[in-house]
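Okay, so here's the structure we're looking at.
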Amino acid sequence: MKGSSVNAEDYLKCIHEYMDLQGYAALKDIALILGTVRQTVLDEIKILMDRGLVLRKEKGKYALTKKGMKEALKFLRKHRVAEILLWKGLGMKWSDLDDQAMGIEHGMTEEIIEKVCLNYGCKKCPHGNAVPDKDGNVTETKDIKISKFNSPREMIVSRVVFESPEILKYMEENQLYPGSKLMIVDDKRVKSASGEGILIVPDNFFSAVRFLEV
Ligand SMILES: [Fe+2]
């Protein structure tokens with residue numbers, strides 16, 4: 001994403017994703033994702049704080065307020081439906097959808113969204129995240145963040161909450177999609193039901209992906 005075309009909605013989406021990943025968004029993280037510099041991020045964060053959308057958790061760490069969360073979810077509706085359109089309508093690559101949707105999501109009117117939903121269904125985005133309604137309400141997905149690795153366990157991929165190109169490409173290459181079964185060996189390794197060998201997961205994999213019991 002280019003720094004010049006970034007707006008408030010992109011900031012809210014970015015902070016939302018980092019909150020799912022690690023509980024907060026740091027200035028440098030946001031700058032990296034949005035392709036801008038730390039000072040620009042700080043200036044925009046101040047505006048969002050004045051609007052009551054963002055709060056400071058501690059020095060350099062930010063989160064969405066309740067109002068900010070609602071606004072983020074309204075935007076995520078556009079983003080996730082744009083992904084569905086690119087995927088089901090245009091047959092684009094699963095790992096490119098998040099990035100490509102950034103080019104069209106701001107122009108997704110409710111009329112377009114309703115047509116996409118009618119044609120392709122829009123319960124979830126291709127990465128397994130529920131599509132909020134137009135008021136920003138969303139049904140919480142009851143899945144698990146794995147943080148303890150006592151013994152190998154078989155799980156099903158539920159969704160990708162942090163859609164970084166690295167994680168999406170890795171999952172696509174190894175055919176790990178929402179609904180795929182895998183064996184979690186430890187905090188660094190998994191065994192895919194469709195693949196032969198043990199796979200080393202990228203950094204942040206277990207923070208970025210949620211699972212369901214088999
Ligand atoms: Fe997605």
Fill in: Ion pair check, Lys74 and Glu71, cut-off under 4.0 Å
yes
Practice prompt. Mark yes or no for whether Asn129, through its side chain, and Val160, through its backbone, hold a donor-acceptor pair below 3.5 Å.
Written response: yes
Practice prompt. Step through it carefully: locate the ring centre of Phe75, locate the ring centre of His16, and say whether they are under 6.0 Å apart.
Written response: no
Worksheet, complete the sentence: Heavy atoms of Leu86 and Ala101 approach each other most closely as CD1-N, 3.6 Å
Worksheet entry | Test item: side-chain donor near acceptor, Asn137 and Lys70, under 3.5 Å | yes
Discussion item. Counting C-beta onward and ignoring hydrogens, is there a side-chain heavy-atom pair between Lys145 and Asp20 closer than 4.5 Å?
Written reply: no
Item to complete: Could you tell me whether Lys115 and Glu110 have a side-chain N and a carboxylate O separated by less than 4.0 Å?
Response: no
Worksheet entry | Residues Glu105 and Lys13 bridged, charged N to O under 4.0 Å | no
Worksheet item: Is any side-chain heavy atom of Val131 closer than 4.5 Å to a side-chain heavy atom of Ile84?
Response: yes
Discussion item. Quick check: do Asn119 and Leu85 have side-chain heavy atoms less than 4.5 Å from each other?
Written reply: no
Discussion item. Does the Lys NZ or Arg CZ of Lys61 fall within the cation-pi geometry relative to Tyr24 - under 6.0 Å from the ring centre and within 45° of the axis?
Written reply: yes
Discussion item. With heavy-atom distances below 4.5 Å as the criterion, would you say the side chains of Val54 and Thr65 are in contact?
Written reply: no
Worksheet entry | Between Asn204 and Glu166: side-chain donor-acceptor atoms closer than 3.5 Å | no
Worksheet item: Measuring from Trp87:CH2 to Tyr120:OH, what's the distance to the nearest 0.5 Å?
Response: 12.5 Å
Fill in: Inter-residue atom distance Leu55.CG - Ile15.CD1, 0.5 Å rounding
9.5 Å
Discussion item. Looking only at the aromatic ring of each residue, does the gap between the centers of Tyr62 and Tyr18 stay below 6.0 angstrom?
Written reply: no
Response to the item:
To the nearest 0.5 Å, atom CZ of Phe162 lies from atom CD1 of Ile167 at 7.0 Å
Item to complete: Give a yes or no answer on whether the side chain of Glu154 reaches the backbone of Leu182 with a donor-acceptor pair at less than 3.5 Å.
Response: no
Practice prompt. Go through Tyr170 and Leu176 one step at a time and tell me if the side-chain contact (heavy atoms from CB on, under 4.5 Å) criterion holds.
Written response: CA-CA 8 Å; Tyr170 167 84; Leu176 298 174; 4.0 Å; yes
Discussion item. Does any part of the side chain of Asp187, heavy atoms only, come nearer than 4.5 Å to the side chain of Phe205, both counted from C-beta?
Written reply: no
Discussion item. Between Lys88 (side chain only) and Gly121 (backbone N and O only), is there a donor and an acceptor less than 3.5 Å apart?
Written reply: no
Worksheet item: Is there a donor-acceptor pair closer than 3.5 Å between any side-chain N or O of Arg189 and the backbone N or O of Ile198?
Response: no
Fill in: Leu12 vs Met69 side-chain heavy atoms within contact, under 4.5 Å
no
Fill in: From CG (Leu21) to CD (Glu163), nearest 0.5 Å
12.0 Å
Practice prompt. Would you give the length of the straight line joining atom OG1 of Thr36 to atom CG of Asp43, rounded to the nearest 0.5 angstrom?
Written response: 9.0 Å
Worksheet, complete the sentence: Sorted by chain and number, sequence neighbours left out, side chain to side chain donor-acceptor pair (under 3.5 Å) with Ser158 holds for Asp143
Fill in: Lys134, NZ atom: more than 12 neighbouring heavy atoms under 6.0 Å
no
Item to complete: Start with the C-alpha gap between Asp50 and Ile47, add the side-chain angles, then the distance that decides, and say whether side-chain contact (heavy atoms from CB on, under 4.5 Å) holds.
Response: CA-CA 5 Å; Asp50 287 343; Ile47 295 169; 5.6 Å; no
Practice prompt. Kindly indicate, with the supporting measurements, whether the criterion side-chain contact (heavy atoms from CB on, under 4.5 Å) is fulfilled by Arg210 and Thr141.
Written response: CA-CA 10 Å; Arg210 300 290 182 270; Thr141 308; over 6 Å; no
Worksheet item: Side-chain contact, heavy-atom cut-off 4.5 Å: Pro165 with Asp99?
Response: no
Worksheet entry | CG on Asp98 to OG on Ser164, rounded to 0.5 Å | 9.0 Å
Worksheet item: Could you walk me through whether Val116 and Ile112 pass the side-chain contact (heavy atoms from CB on, under 4.5 Å) check?
Response: CA-CA 6 Å; Val116 176; Ile112 298 173; 4.2 Å; yes
Fill in: Arg153 side chain near Glu213 side chain, heavy-atom distance below 4.5 Å
yes
Worksheet item: Distance only, no hydrogens: is a donor on one side chain within 3.5 Å (strictly under) of an acceptor on the other, for Asn7 and Glu44?
Response: no
